[in-house]
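Just so we're clear, the structure is a prediction, and the values are computed from it rather than from any experiment. When a residue number appears, it is its place in the shown sequence, counting from 1.
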Amino acid sequence: MVLASLLYALVAAGANIPANAAAPRLSLFVLGDSIAGGSAQGGNGPHGWPSLVARQLGMTLRLDARGGTGYTTGGPQKGGRPYAQRVNQAIAAKPDVVVVEGSRNDAGPTKTRAAAVDSLRRLRAGLPRARILVIGPIYSHPRPIGSHPIDEAVSAAAKKLSMPYLSAVRRGWFTGSAHQFIGSDGVHPTNAGHAYLAQRIRPEVSRLLHK
């Protein structure tokens with residue numbers, strides 16, 4: 001968005017830009033847990049929904065997704081720290097769009113809401129021009145559960161900061177026939193499940209880019 005505006009300003013000012021110069025690619029930063037980073041069940045590297053969304057929208061990708069992490073918890077992986085301790089990496093990358101996903105690893109809605117508000121507020125302060133999309137925890141219940149305390153906590157944090165929010169719980173992702181896209185561990189999506197997630201997340205990112 002900012003880069004495109006800069007190019008427009010240069011053209012308007014009469015700058016000599018080669019006719020074959022390609023417009024800079026917009027960038028996407030995804031902060032999340034193993035549902036974003038992939039697992040033994042699928043979704044690793046180019047098969048993950050972050051890579052699929054970025055590729056389908058012609059964007060570059062920076063991915064910071066660590067298993068077991070969330071707004072309130074770090075995980076066993078190297079670099080597995082809570083989101084608040086990884087926000088500065090997202091800010092330093094200066095992306096055009098940030099997607100924060102998760103997390104089903106959080107426990108305690110009051111603590112989660114406070115941590116989410118802190119993390120998201122710092123993201124907004126550090127990236128005032130970026131578009132930020134918040135996706136709630138992605139569970140794998142075969143039947144709709146209607147609501148979940150952690151989903152409600154993250155939703156409230158996003159609403160407080162006027163950030164768009166996607167609730168996988170309310171939308172029933174991976175319930176019914178879509179449960180086939182969850183791997184044998186009953187938690188993580190397969191490659192097909194990541195493609196399924198990309199189909200649901202890509203339009204939301206695209207909408208942000210065109211606001």
Flag, side chain of [X] to backbone of [Y], donor-acceptor distance under 3.5 Å:
X: Asp96; Y: Ala130; value: no
X: Arg121; Y: Arg124; value: no
X: Thr190; Y: Gly42; value: no
X: Ser34; Y: Gly37; value: no
X: Thr175; Y: Gly172; value: yes
X: His141; Y: Arg143; value: no

If you compare all heavy atoms of [X] against all heavy atoms of [Y], which two are closest, and at what distance to 0.1 Å?
X: Arg81; Y: Arg86; answer: O-NH1, 2.7 Å
X: Gly70; Y: Ser103; answer: CA-CB, 3.5 Å
X: Pro109; Y: Pro149; answer: CB-O, 3.7 Å
X: Tyr165; Y: Ser155; answer: CE2-CB, 3.4 Å
X: Glu101; Y: Tyr83; answer: O-OH, 2.7 Å

Would Ile135 end up clustered with Leu161 when hydrophobic side chains under 4.5 Å apart are linked, directly or stepwise? no
side-chain contact (heavy atoms from CB on, under 4.5 Å) partners for Gln41, two or more places apart: Ser39, Ser184, Asp185, His188
So, Arg131 and Glu204, do they make that salt bridge, N to O below 4.0 Å? no
What I want to find out is whether Asp64 reaches Arg66 closely enough, with some N-O distance under 4.0 Å, to be called a salt bridge. yes
Strictly by modelled atom types, are Asp33 and Thr69 linked by a side-chain donor-acceptor pair under 3.5 Å? no
Please tell me whether Asn105 and Thr73 have a donor and an acceptor in their side chains that are separated by less than 3.5 angstrom. no
Output side-chain donor-acceptor pairs under 3.5 Å for residues 47-63, partner residues at least two apart or in another chain, one line each.
unit_1, atom_1, unit_2, atom_2, d
Trp49, NE1, Ile35, O, 3.0
Ser51, OG, Gly45, O, 3.0
Gln56, OE1, Arg202, NH1, 2.6

